[in-house]
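Written out below as structure tokens is the structure these notes cover.
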Amino acid sequence: MNKVLTVAVLAALAGGAWWWQAGKAAADDKNARAKRPPVVALAPVQPNRLPVVLTANGTVTALDRVEVKPQVSGVVSRVPVQEGTLVKAGTLLVQLDDAAERAALARVQAQQASDAAQLKIAERDLARGRDLFRQQFISQSALDALQGKVDSLRATLAAARAEVDAARVSLRQKAIYAQVDGRVGAISLSPGTLVQPGMATPMLTLTRMSPVAVSFTLPEQQLQAVRQAQQAGPLKVVARTGNGAGQCHSGELTFIDSAVDSASGNVLLKARFDNTGTALWPGQFVNVALQAGAYRGAANIPVAALLTGPDGQFAYTVGADSKAQRIPLTLLAIQNERAIVRGIAPGLKVVVNGGQNVRPGELVTLAPPRKQDASAAAKVGRSEASGAAAEGGRGGRAAGKGGQNLAECGPVTGGDKAARAAGGDASAPRAEAGQRQRAASGAQ
């Protein structure tokens with residue numbers, strides 16, 4: 001009995017020792033895996049060649065929009081134009097009944113002819129009277145009477161001519177012509193309609209379709225950057241229809257309002273577009289992108305490399321010792337999936353994948369480069385280089401400053417959605433959280 005009990009105790013002790021050793025080995029393996037350096041992917045920091053792009057919502061406005069209303073009362077006799085047609089300046093739009101005005105003009109023209117005939121008779125009498133006066137057949141007073149009659153008839157003829165001009169003006173007011181080239185809007189009358197001056201509804205509208213203007217507003221903080229960029233030359237404006245996904249149109253900034261709206265803190269700007277083909281329609285909403293110079297002393301990194309912590313934005317770099325280093329950054333803008341920042345020098349490499357697992361000063365393991373990553377980096381470099389070359393070919397003054405003109409109608413996404421201009425640059429904006437927000441644990 002004692003032997004059996006002894007064997008059981010020994011077996012239990014052996015099993016417990018084995019279980020303890022197995023648990024200790026598993027814990028050691030887990031700790032070893034926990035201490036394994038995190039695997040990260042790197043991307044180079046590139047010199048920034050992207051321009052300052054300010055974005056806003058704009059409205060297409062016509063340079064000329066005429067509401068056609070009558071100057072005199074009358075009955076519409078005909079409307080020779082149709083709704084939606086394009087007309088040239090001088091085209092007859094509405095004809096009012098002008099029978100009375102034509103009769104009045106004929107009457108005053110006849111009176112003018114009568115006055116002119118009487119003046120000619122008086123002038124011949126005056127000429128004969130002068131001959132008789134030289135021969136001393138009439139007195140000076142008789143000659144003066146003849147001269148006075150001529151002067152009176154000349155004044156009467158001048159008054160008759162003025163009446164003829166007034167009758168012609170009244171007749172012209174019965175015919176309403178286009179003052180500008182434009183498109184005829186809705187016509188609210190038909191032949192036989194009585195119209196009067198001061199009527200609330202216009203007879204029709206005439207809108208100039210080409211060129212057009214696009215009005216938009218920017219925060220007052222961005223005004224200084226726009227004005228300084230404008231000193232280097234005309235500023236290009238790109239307008240996109242269809243909520244930014246439709247057709248693209250290139251224009252030029254032509255107007256900055258002389259005052260900031262104290263209620264909203266915005267300033268009004270206008271850009272002129274040729275609008276060939278009338279793709280832009282007055283009253284239409286468009287997305288506007290304005291190039292306002294270049295960011296000085298800035299670099300750009302992939303958006304994925306930008307992390308956010310309690311102290312602001314930062315990125316991790318990896319040195320020769322394979323240790324991660326945290327570098328605080330100032331975010332200026334996000335454009336084309338690239339973050340434009342200050343605080344880091346071009347040529348360094350930043351962590352673009354795995355940064356949420358990195359702590360400052362700890363060892364990291366570099367992931368092997370993938371073909372798609374290399375091709376993407378090369379594509380970005382070629383895009384920036386081609387943009388700079390295109391700018392130089394167009395003679396853009398911003399090229400010497402490291403800027404890049406907007407493509408003629410190339411993609412300009414993201415933009416400087418909330419940039420606050422300071423000096424010649426736009427300072428850090430509030431970028432969308434979905435584009436640059438990372439886990440707060442990455443900052444710890």
Side-chain angles (χ1 to χ4, degrees), residues 38-53 55 293-320 322-360 364 366-370 372-388 401-404 411-420 425-443:
V39 179
V40 299
L42 302 181
V45 179
Q46 299 178 348
N48 181 62
R49 296 187 180 92
L50 297 174
V52 179
V53 177
T55 60
Y295 297 100
R296 293 198 296 265
N300 77 63
I301 62 176
V303 173
L306 188 67
L307 303 176
T308 300
D311 299 330
Q313 287 77 33
F314 66 94
Y316 284 117
T317 62
V318 179
S322 296
K323 290 185 178 181
Q325 180 183 359
R326 173 177 167 169
I327 298 182
L329 300 176
T330 299
L331 177 63
L332 303 179
I334 294 179
Q335 296 181 25
N336 302 333
E337 300 301 325
R338 304 289 294 183
I340 303 173
V341 296
R342 286 201 186 98
I344 192 169
L348 297 177
K349 291 188 176 181
V350 291
V351 175
V352 294
N353 189 11
Q356 67 274 12
N357 301 321
V358 176
R359 300 295 181 269
V364 297
L366 300 183
R370 295 181 300 177
Q372 53 265 38
D373 294 340
S375 62
K379 183 177 180 181
V380 171
R382 289 195 302 269
S383 175
E384 293 187 349
S386 63
K401 302 179 181 180
Q404 175 191 4
V412 179
T413 60
D416 216 351
K417 293 185 179 179
R420 296 183 295 274
D425 303 321
S427 61
R430 292 180 289 106
E432 294 184 8
Q435 292 177 307
R436 62 180 178 84
Q437 187 68 30
R438 297 295 184 269
S441 60

Any heavy-atom pair between the side chains of [Y] and [X] that's under 4.5 Å?
X	Y	answer
Val318	Val358	no
Ile340	Ile334	no
Lys349	Leu366	no

Go through the structure and list residues passing side-chain contact (heavy atoms from CB on, under 4.5 Å) with Ala43, not counting sequence neighbours.
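For Ala43, the residues satisfying side-chain contact (heavy atoms from CB on, under 4.5 Å) (neighbours in sequence not counted) are Pro302, Val352.
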Set of residues satisfying side-chain contact (heavy atoms from CB on, under 4.5 Å) with respect to Pro346, sequence neighbours excluded:
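Counting only residues at least two positions away or on another chain, Pro346 forms a side-chain contact (heavy atoms from CB on, under 4.5 Å) with Pro47, Ala299.
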Kindly compute the distance separating OH (Tyr316) from CZ (Arg359), expressed to the nearest 0.5 Å.
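It is 6.5 Å, given to the nearest 0.5 Å.
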Pairwise distance OG1(Thr317) to CD1(Ile301) - rounded to 0.5 angstrom
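So the OG1 of Thr317 and the CD1 of Ile301 are separated by 11.0 Å.
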Atom of [X], atom of [Y] and distance for their closest heavy-atom approach:
X	Y	value
Tyr295	Leu332	CD2-CD1, 3.6 Å
Phe314	Pro328	CB-CA, 4.0 Å
Leu329	Ala315	CD1-CB, 3.7 Å
Leu331	Ala339	CD1-CB, 4.1 Å

Under the criterion side chain to side chain contact (heavy atoms under 4.5 Å, CB included), I'd like the reasoning laid out for Leu348 against Gln325: C-alpha separation, chi angles, the key distance, then a yes or no.
CA-CA 11 Å; Leu348 297 177; Gln325 180 183 359; over 6 Å; no
Residue that, paired with [X], satisfies side-chain contact (heavy atoms from CB on, under 4.5 Å) out of [options]:
X	options	value
Asn300	Gln335, Gln46, Glu337	Gln46
Ile327	Val45, Val350, Ile344	Ile344
Gln313	Leu307, Val341, Thr330, Leu306	Leu306

Which is it for Val364 and Val351 under the side chain to side chain contact (heavy atoms under 4.5 Å, CB included) test, yes or no, and what are the steps along the way?
CA-CA 10 Å; Val364 297; Val351 175; over 6 Å; no
